[in-house]
Amino acid sequence: MVKSWNERLNTPGINGVKPTPRTIGDVVEGQPMLVPTARQVDDFIRSLPNGVEMDVRALRTALAIEHGVQVTCPVTIGYHLRTVAEAANEDLERGMELSAIAPFWRVLDTNAPTTKKLSFGAEFVAAQRKREGLKP
């Protein structure tokens, strides 16, 4: 049976710090790299105040600094950002208030690759960003 996005979000994951296996983008082989859980990403996004945005690269940097390492795994972040957004959408569909869900639109804009994969489309992201005075 397929897990819901909230089940994926709340499944204890294996996180921690490990050496980067290879150079990819801004991550250099051998650097200490944070591999966060989906819950860690969700918690960090919830800490962003209303009207404050942070792009994915800045999120990765902030998480790395918070955990005393140089980088955060770019692949894992992509997976977890989608999990956070889809779980938030599930919560909204169940009647949860907007103020109670993770404000993922403060990290994902309408052009982010992850936004394009969301089951509910980019219109919601655009509307929430506009509501908070953020660029689409």
Side-chain angles (χ1 to χ4, degrees):
M1 186 169 165
V2 176
K3 287 184 178 182
S4 73
W5 289 102
N6 270 284
E7 288 170 329
R8 294 178 198 188
L9 175 66
N10 293 306
T11 298
I14 298 171
N15 73 317
V17 175
K18 65 180 189 177
T20 304
R22 65 184 178 277
T23 298
I24 181 171
D26 63 339
V27 178
V28 179
E29 183 177 345
Q31 284 181 304
M33 176 179 70
L34 172 68
V35 181
T37 64
R39 176 52 59 197
Q40 285 174 308
V41 174
D42 185 273
D43 289 345
F44 189 89
I45 290 172
R46 288 175 185 272
S47 75
L48 296 175
N50 189 345
V52 174
E53 66 183 319
M54 176 180 281
D55 67 17
V56 177
R57 184 171 289 218
L59 170 69
R60 287 180 39 232
T61 299
L63 279 168
I65 291 168
E66 185 177 280
H67 290 85
V69 295
Q70 295 175 311
V71 295
T72 298
C73 179
V75 175
T76 303
I77 280 292
Y79 291 138
H80 291 338
L81 283 171
R82 178 157 186 211
T83 299
V84 168
E86 296 283 4
N89 185 57
E90 284 179 354
D91 289 341
L92 284 174
E93 288 177 348
R94 285 197 321 263
M96 192 175 283
E97 295 291 324
L98 185 65
S99 61
I101 68 167
F104 62 89
W105 55 87
R106 295 178 188 159
V107 176
L108 296 177
D109 62 24
T110 56
N111 295 318
T114 301
T115 303
K116 293 173 177 31
K117 297 176 185 175
L118 297 176
S119 65
F120 52 91
E123 296 79 22
F124 177 81
V125 173
Q128 296 315 308
R129 290 181 67 82
K130 182 177 180 181
R131 184 180 60 78
E132 291 192 15
L134 305 174
K135 64 182 185 322

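None of the values given here were measured: they were computed from a predicted structure.
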Qualifying side-chain hydrogen bond (donor to acceptor under 3.5 Å, both in side chains) pairs with a residue from [range], counting only residues at least two apart or across chains:
range: residues 95-108; value: W105-E132, R106-E132
range: residues 61-80; value: Q40-H67
range: residues 112-129; value: E53-R129, E86-S119, Q128-R131

Transitively linked via ILVMFWY side-chain contacts under 4.5 Å: M96 with F120? yes
Between F104 and V56, is there a shared hydrophobic cluster once you connect ILVMFWY residues whose side-chain heavy atoms come closer than 4.5 Å? yes
Is there a donor-acceptor contact under 3.5 Å from the side chain of N6 to the main chain of A87? yes
Determine whether a donor-acceptor pair (N or O, by modelled atom type, separation under 3.5 Å) exists between the side chain of E90 and the backbone of W5. yes
Steps toward side chain to side chain contact (heavy atoms under 4.5 Å, CB included) verdict (V2, E7): CA-CA 10 Å; V2 176; E7 288 170 329; over 6 Å; no
Between D109 and V125, is the side chain to side chain contact (heavy atoms under 4.5 Å, CB included) condition met? List the steps. CA-CA 7 Å; D109 62 24; V125 173; 5.5 Å; no
Walk me through whether V107 and V84 qualify under side chain to side chain contact (heavy atoms under 4.5 Å, CB included). CA-CA 11 Å; V107 176; V84 168; over 6 Å; no
With sequence neighbours left out, write down each residue that passes side chain to side chain contact (heavy atoms under 4.5 Å, CB included) with A58, or none if nothing qualifies. M54, D55
[X] vs [Y] side-chain heavy atoms within contact, under 4.5 Å:
X: K18; Y: V69; value: no
X: T83; Y: V41; value: no
X: P12; Y: T37; value: no

Identify the heavy atoms of A122 and T110 that sit nearest to each other, and give their distance. O-CG2, 3.9 Å
Please table the atom pairs, donor to acceptor, closer than 3.5 Å between any side-chain atom in residues 45-52 and protein atoms at least two apart or in another chain.
from : atom 1 : to   : atom 2 : distance (Å)
R46  : NE     : D42  : OD1    : 2.5
R46  : NH1    : A100 : O      : 3.0
S47  : OG     : F44  : O      : 2.6

Taking everything shown except R22 itself, do over 12 heavy atoms lie less than 6.0 Å from its CZ? no
Review item, side-chain donor-acceptor pairs of residues 26-35, under 3.5 Å, at least two apart:
from : atom 1 : to  : atom 2 : distance (Å)
D26  : OD1    : R60 : NH2    : 2.9
Q31  : OE1    : V28 : N      : 2.7

Nearest-0.5 Å distance, [atom1] of residue [X] to [atom2] of residue [Y]:
X: C73; Y: L63; atom1: SG; atom2: CG; value: 11.5 Å
X: L59; Y: R57; atom1: CG; atom2: CZ; value: 12.5 Å
X: F124; Y: L98; atom1: CZ; atom2: CG; value: 5.0 Å

